[in-house]
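Each ligand, and each atom within it, is numbered from 1 in the order the structure gives. Keep in mind that what you see is a predicted model, and the values were worked out from it rather than measured.
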Amino acid sequence: MSEAICSHLDAISSVKPAKRHECEECVKIGSTWVHLRTCQTCGATLCCDSSPHRHASKHAHASGHPVIASAEPGERWLYCYPHDAVASY
Ligand SMILES: [Zn+2]
Ligand SMILES: [Zn+2]
Ligand SMILES: [Zn+2]
């Protein structure tokens with residue numbers, strides 16, 4: 001990581017990719033999503049804040065897992081919720 005804004009982003013040495021290209025929680029409730037994010041603590045792939053259910057944000061706040069990566073093809077960035085920090089990789 002280039003910017004040392006956040007200890008969580010600094011601690012990530014390899015980025016977890018999305019296991020499946022779908023939101024695990026939206027699939028359970030038959031909903032849809034806009035973009036996908038992958039939790040870098042547990043590897044869950046969940047939907048972004050533009051999606052109706054914002055599962056990635058809810059997961060971060062409920063679990064305390066701080067960092068997500070974009071799971072969109074061609075996007076290479078990480079985001080830390082507690083620090084509101086972004087890093088590209
Ligand atoms: Zn952080
Ligand atoms: Zn979702
Ligand atoms: Zn997680």
Row for the Zn ion (ligand 2): angle SG (Cys47) to SG (Cys23), 10° precision, value 120°
Where the Zn ion (ligand 3) is the corner point, what angle links NE2 of His59 with ND1 of His65, to 10°?
100°
For the pair Tyr81 and Tyr79, name the ring-plane relationship: parallel under 30°, tilted 30 to 60°, perpendicular over 60°.
perpendicular
Applying side chain to side chain contact (heavy atoms under 4.5 Å, CB included) to His53 and Ser31, what does each step give before you reach the verdict?
CA-CA 8 Å; His53 295 283; Ser31 188; 3.1 Å; yes
With rounding to 10 degrees, Cys39 SG, the Zn ion (ligand 3) and Cys42 SG define an angle of 110°
Is there side-chain contact between His21 and Thr45, with heavy atoms separated by less than 4.5 Å?
no
May I ask you to decide if the ring planes of His59 and His65 are parallel, tilted or perpendicular, using 30° and 60° as cut-offs?
perpendicular
Do you know which two heavy atoms are closest between Leu9 and Cys80, and how far apart they sit?
CG-CB, 4.1 Å
Angular separation of SG (Cys6) and SG (Cys80) seen from the Zn ion (ligand 1), to 10°
110°
Heavy atoms of Gly43 and Glu24 approach each other most closely as O-OE2, 4.5 Å
Angle subtended at the Zn ion (ligand 1) by His83 ND1 and His8 ND1, to the nearest 10 degrees, is 110°
Any idea which N/O/S atom from His55 gets closest to the Zn ion (ligand 2)?
ND1
Just wondering, is there an N, O or S atom on Cys26 that's nearer than 2.8 Å to the Zn ion (ligand 2)?
yes
